[in-house]
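Some notes on the structure that comes next.
Only a predicted model underlies this, so the values are computations on that prediction, with no experimental measurement involved.
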There are 2 protein chains.
Amino acid sequence: MPETLASAPIAADTAAVGSTPRRPATRRTSTAEQSTELRLAVMRLARRLRQERAEAELSAAQFSALMWTAAEGPLTLGRLAELERVTPPSMNRTVNCLVDGGWIAREASPDDGRKVLLRVTEPGDAIVRETRRRREAWLAKRFAALTADERETLVAATAILARLTG
Amino acid sequence: MPETLASAPIAADTAAVGSTPRRPATRRTSTAEQSTELRLAVMRLARRLRQERAEAELSAAQFSALMWTAAEGPLTLGRLAELERVTPPSMNRTVNCLVDGGWIAREASPDDGRKVLLRVTEPGDAIVRETRRRREAWLAKRFAALTADERETLVAATAILARLTG
DNA sequence: TATTGTTATACTCTATAACTATA
DNA sequence: TATAGTTATAGAGTATAACAATA
């Protein structure tokens, strides 16, 4: 198998999209309906964005762990597992793949002999930037095609969405 | 193993969130920067929404396939695989799980002996509604806590977001 | 004794390759 | 010969349980 594929599909979760009824714009929608449509739109866009990934050098799980390592500096296996909400043994396997690939490196912790510090390597940092660039390219292109008003609406919405996740 | 867990973690993809710089509100942001922040907010919210799932009766992949089947009426294995962007053998395994659980049923196609029609069962339809209800509950609660203006912004943004994936 | 990381084992989801049945 | 579904086999990601090393 071509190693890294886990990315392509990724559970829809937006499956019911096609069944969302189209209502006349004139009708007032309830808060529940509005949140439903927002949820569907968000899940669908997220799925689309997830598909925009670097050629397939890294799986989704691997890339995610790599991003944390690159962003949060050297961190322990336990901390990384916590960030990804995964058990330490699971994260250990992912880390093994990343270490084998040369994207990150294990270091002994200076203060605690039990701990291991994970640090991104130069190639690892480079591929994070490249993958992020590709993912953003897709959205930025469509973003630029909107009217100024529409962009303004999305910018305002971004702040509100961010607050929703607290 | 407790069967269905594939849900819990689900690759972050928003790993760099913590590194998003907070800029003063006065500064004008570029289109690229705006799309970046939108992307991060969308991915983060999507991840949060994905975590809100029914107790764990069905895995993410199973639930997604079930939703399509419930929404799109009886459909073939090939069509379902296409909708989920998965190969037919992969979907076949997921379908086997759903059939074993009694959530969907296989039927012979009346017009083409090679085809198989997949139809949701009554329990299958019930669990789709229940799971969807639980997922929406989380968002609807927060949505209701917003001001009328904020909700209006999100409603307007929803339509724009939907067009982005179009 | 408690904590951190690791290894052993098992199950799900995914893939490709090959097979069967029908068109 | 082409198409729809299935089976066989394998890799990645996840889990729990058990172990080693260090605090």
Exercise. Go through residues 75-82 of chain B and report each residue with a non-hydrogen atom lying under 4.0 Å from DNA chain D, sorted by number.
Key: B:T76, B:L77, B:G78

Quiz item: With sequence neighbours excluded, what pairs up with B:E152 under the side chain to side chain donor-acceptor pair (under 3.5 Å) test?
Solution: none

Quiz item: Got a sec? Which of residues 94-108 of chain B come in under 4.0 Å of DNA chain D, heavy atoms?
Solution: B:R106

Quiz item: Side-chain donor or acceptor of B:R93 under 3.5 Å from a matching atom on the base of C:dT12?
Solution: no

Practice problem: Mind grabbing the angle between the end helix axes of the helix from C:dT1-D:dA23 to C:dA23-D:dT1? Five pairs an end, 10° rounding. | Solution: 10°

Self-check item: Spacing between B:M91 atom CE and C:dT16 atom P, to the nearest angstrom
Solution: 15 Å

Exercise. Classify the side chain of A:S90 and the base of D:dA15 as holding, or not holding, a donor-acceptor pair under 3.5 Å.
Key: yes

Exercise. List for me each residue that meets side chain to side chain donor-acceptor pair (under 3.5 Å) alongside B:T165, sequence neighbours excluded, and say none if there are none.
Key: none

Self-check item: Check: A:W103 main-chain N/O paired with A:T121 side-chain donor or acceptor under 3.5 Å
Solution: yes

Exercise. Would you tell me whether A:S64 and A:E84 have side-chain atoms, one donor and one acceptor, within less than 3.5 Å of each other?
Key: yes

Quiz item: Among all residues two or more places apart in sequence or in another chain, which pass the side chain to side chain contact (heavy atoms under 4.5 Å, CB included) test with B:T69?
Solution: B:L75, B:L80, B:I104, B:L118, B:V120

Self-check item: Residue A:Q62, side-chain atoms from C-beta onward, closest of C:dT14, C:dC13, D:dA12
Solution: D:dA12

Quiz item: In a check of side-chain hydrogen bond (donor to acceptor under 3.5 Å, both in side chains) between A:S90 and each of A:T87, A:N92, A:T94, which one passes?
Solution: A:T87

Quiz item: Does A:E82 have any side chain to side chain contact (heavy atoms under 4.5 Å, CB included) partners at least two apart in sequence or in another chain, and if so, which?
Solution: A:R79

Self-check item: A:R151: partners by side chain to side chain donor-acceptor pair (under 3.5 Å), with sequence neighbours left out
Solution: none

Self-check item: Exam field: side chain A:E136 to backbone A:R133, donor-acceptor pair closer than 3.5 Å
Solution: no

Quiz item: Regarding B:S109 and B:D111, is there a side-chain donor-to-acceptor distance under 3.5 Å anywhere?
Solution: yes

Self-check item: Atom-pair distance (CZ on B:R85; P on C:dA15), nearest Å
Solution: 12 Å

Practice problem: Rounded to the nearest angstrom, tell me the gap between atom CG in A:L117 and atom P in C:dT6. | Solution: 11 Å

Self-check item: D:dA15 OP1/OP2 closer than 4.0 Å to side-chain N/O of A:T87
Solution: yes

Quiz prompt | Minimum-distance nucleotide (side-chain atoms of B:K115 versus D:dG5, C:dT14, C:dG5) | solution = D:dG5

Self-check item: Heavy-atom protein contacts under 4.0 Å, nucleotides 17-23 of chain D, coded B base, S sugar-phosphate only, - none
Solution: B----BS

Quiz item: Got a sec, which residues hit side chain to side chain contact (heavy atoms under 4.5 Å, CB included) with B:A126, two or more places apart in sequence or on another chain?
Solution: B:E122, B:R129

Self-check item: Side-chain (A:R93) to main-chain (A:P89) donor-acceptor, under 3.5 angstrom
Solution: no

Practice problem: Report the residues that fulfil salt bridge (charged side-chain N to carboxylate O under 4.0 Å, His left out) with A:R114, sequence neighbours left out, ordered by chain and then residue number. | Solution: A:D112

Quiz item: Does OP1 or OP2 of D:dT6 have a side-chain N or O of B:N92 closer than 4.0 Å?
Solution: yes

Quiz prompt | Under the salt bridge (charged side-chain N to carboxylate O under 4.0 Å, His left out) test, residues paired with A:R163 that sit two or more places apart | solution = B:E150

